[in-house]
Structures are given as C-alpha cells and as structure tokens.
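In what follows, a structure is listed as structure tokens, so that the remarks can point back to it.
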Amino acid sequence: MPELPEVETIARGLAHAVTGRSIASVVIRLPKMAQAPPGVDFARALPGERIVGVGRRAKYVLVELASGRRLVTSLRMTGRLVVQRPGEPDFPGTHVVLHFTDGSRLSFADLRTFGRMRLVEPDDAWDKSLGPEPLSSGFTPEAFIGMLSGRTTRIKALLLDQQRIAGIGNIYACEALWKAGIKPGRPAMSLSKPAIRRLHHAIVDVLTRAIEMRGTSVDDYVDAEGLRGGFQSALAVYGKLGQPCERCGSPIVRTVIAQRGTWWCRTCQR
DNA sequence: CCGTTGCCCTGCCAGC
DNA sequence: TGCTGGCAGGGCAACG
C-alpha cells in the first residue's frame, strides 16, 4: 500500500514522465475521485496548464502546475497514476484522465475508489494538519522525544498518526518497531530516551533503505513505470506470522493495534 | 485537545 | 462447487 517510500518512487517516475507536458482536457468519470475546493471547477480549471514537476508530501503525490497550483493526489491503497501513450487502451478502473496536448495522458485509476485527487490553489495550506517529514532535517531525535512526551496512546498508533509524523504506514511502522526492539503496544510516554532514539534511527533507516529499493510490493503495488518494488525481500516482520524472528528465532505473532494488523516478536520487542 | 471507533470499497481466500 | 465472512488499510468524521 503506497506509503512514503512507494509514493516517493511513484513521484520520481512521474516527474520524469510528465514534466513539461501541457493539459488539453480532463475527463472525470467518477466525480468523487476528483475533489476540488468549493468554487473550483476541476475539469474546467486545468486545460492550458503546464506541468512543471512532480513531488511528494507525506503519502500524497503533488503534480506541480505552472500557475503555482497543484494537483494533490492520495492513492490510499489501490490508487494508481499511469502515463499512457496515444491510442493505448484505458487502464482498468480509470476514473480521472488528464489528456495532454501531445496525445498522451495521465490516468488516475483505483479499483476500490478510495483515492482522491484535489486541485489546490497556491496559497492553500492544504497540508497544515500533517506532521513533519521523517526524512527532513526537522525530524530530529529531540523533536521525536518531544512528540512522545505525555502521550498515552500506543507507540504504533502514534507512528501511524499523520498529524505527528507524515508518511509512515502499517508496513514501515511494524518494521521500524522491530528494528528498534520496541513492543508496538507500549504507551508512547513509557519509552525511555534511548529507546526513542533507537526508534528514530530505525524509522529513518527503514524508510531510506525502502526508497533505495523502490518501495515494497506485498500485493499489487507498482510504481509509475509499472515496476514492482524490492523492499519486500528485506521485510523482517510484516506479514510474517509464525516465521522465526531473524534476530532471536521466536515465531512472529500478529495482534491488532489501532484497527491494523500488527506483526512483531514477543521475545525481542520489549 | 486527546484518543478511539466506524466507515468507505472491492478482491481475495479460508472455511464450511 | 459455491457461498459467506473476514481481512487488507489511509484518511476523515464523529464521539466521549
């Protein structure tokens, strides 16, 4: 499911593929997929716009337009952004299509229709409720210690809270907690400072390595070029129920925290 | 403000 | 073989 490393990989691929193209027309087949702020007509606002770059914030793909506006896309679980050549048949489950002046197009497809695309004005603080990027200089061990202090919520739930840290999803929360040797159900405020520092390091390490390997493909995730990620071979706990922990040999267990499946080692995560 | 729960969706798969 | 129920999960609304 696209988390920070997958969205980063998708955005890099798209940047290569669509930067410089101009939008000729927009087709919206499922209106709820193309949300816009009130008063903005999504399909009518885009023709004439030129794409000047593609970036990422948290788990959102940002298509930057020459006017300063941007298309903010949340892929949720099954959303895909696919660049298609002229005449190529529609990708299955396509709900929004940006047609470019050169005949190619960018299709927003989503089997489960959870994804959303929004057109955002230059001055719109659309990401004001998102926490810091975990790979930015603002995410320091000290900042992380402050984030956890006094918080009774379980540490894994906090890692998934986008208002605290933006971009971590279920896979990398499980992996970072395993690497740091921390039990996912512990109240955030119960972690010692050395443990928080270990977790901080683990988050940065896991995300960085996952980006290097172009993300994790557990089910059907593929990047903008249709390629699978490589980090699934480096997973230590996610989805590995009953398999021996590679650190201590105990079987990996699965519990539920914050309505999410949680894989961890009862022996070496404390 | 804080923390938790439920809902949106469809494909897949275990179990009967 | 065919059905059913549970699971997958990001983001948002609602609630106490």
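The figures that follow rest on heavy atoms only: side chains count, while hydrogens, waters and symmetry mates do not. Chain A is the first sequence line, chain B the second, and so forth, proteins listed ahead of strands; every chain is numbered from 1.
Ranked by how close their nearest DNA chain C nucleotide is to the 5' end, Y60(A) and F114(A) are led by F114(A).
Rounded to whole Å, atom P of dC8(B) lies 16 Å from atom CG of D110(A). Between the CD1 atom of I171(A) and the P atom of dG10(C) there is a distance of 8 Å, rounded to whole Å. Spacing between atom CG of L75(A) and atom P of dG10(C) amounts to 12 Å, rounded to whole angstrom units. Distance R260(A) CZ to dC7(B) P: 14 Å, rounded to the nearest Å. Whole-Å rounding puts the L148(A) CG to dG3(B) C1' distance at 15 Å. Here dG3(B) presents its P atom at 14 Å from CE of M147(A), a figure rounded to the nearest Å. Going from atom CD of E3(A) over to atom P of dA8(C) covers 14 Å, rounded to whole Å. At whole-Å resolution of the value, CG in D127(A) and C1' in dG10(C) are 17 Å apart.
Taking five base pairs at each end of the helix from dC2(B)-dG16(C) to dC16(B)-dG2(C), the local helix axes there meet at an angle of 50°, rounded to 10°.
Between the side chains of D223(A) and T9(A), no donor-acceptor pair of N or O atoms lies under 3.5 Å. Using modelled atom types, one finds no donor on one side chain facing an acceptor on the other under 3.5 Å when comparing S74(A) with K59(A). Under the 3.5 Å distance criterion, with hydrogens and angles disregarded, no donor-acceptor pair is assigned to the side chains of S104(A) and Q84(A).
Residue R151(A) has its side chain nearest to dC2(B) when only dC2(B), dG11(B), dA8(C) are considered. When each of dG3(B), dG11(C), dC9(B) is scored by its nearest atom to the side-chain atoms of Q162(A), the top-ranked nucleotide is dG11(C). In this structure, of dG10(C), dC9(B), dG3(B), it is dC9(B) that holds the atom nearest to the side chain of T113(A). Taking the side chain of W263(A) as heavy atoms from C-beta on, and the options dA8(C), dG11(C), dG6(B), the nearest nucleotide is dA8(C). You'll find that the side chain of L111(A) is closest to dG11(B), out of dC9(B), dG11(B), dG3(B). Closest to the T153(A) side chain, of the nucleotides dG3(B), dA8(C), dG10(C), is dG3(B). Comparing dG3(B), dT5(B), dC7(C) by their closest approach to the side chain of R254(A) singles out dC7(C).
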Inset, instruction - Take E225(A) and R214(A) through the salt bridge (Lys or Arg N to Asp or Glu O under 4.0 Å) test and state the conclusion after the steps. - result: CA-CA 11 Å; E225(A) 283 98 49; R214(A) 305 174 58 85; 3.3 Å; yes
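Between L98(A) and V27(A), every side-chain heavy-atom pair lies at or beyond the 4.5 Å cut-off.
Between R105(A) and D90(A), at least one side-chain N (NZ, or NE/NH1/NH2) sits under 4.0 Å from a carboxylate O, which counts as a salt bridge.
Between Y172(A) and F231(A), the ring-plane angle classifies as tilted under the 30° and 60° cut-offs.
Judged by distance alone with a 3.5 Å cut-off, a donor-acceptor contact links the side chain of R112(A) to the base of dA8(C).
Contact annotation: K32(A) side-chain N/O to dC8(B) OP1/OP2 distance is not under 4.0 Å.
Counting heavy atoms of neighbouring residues, nucleotides and ligands inside a 6.0 Å radius, atom NZ of K183(A) does not exceed 12 of them.
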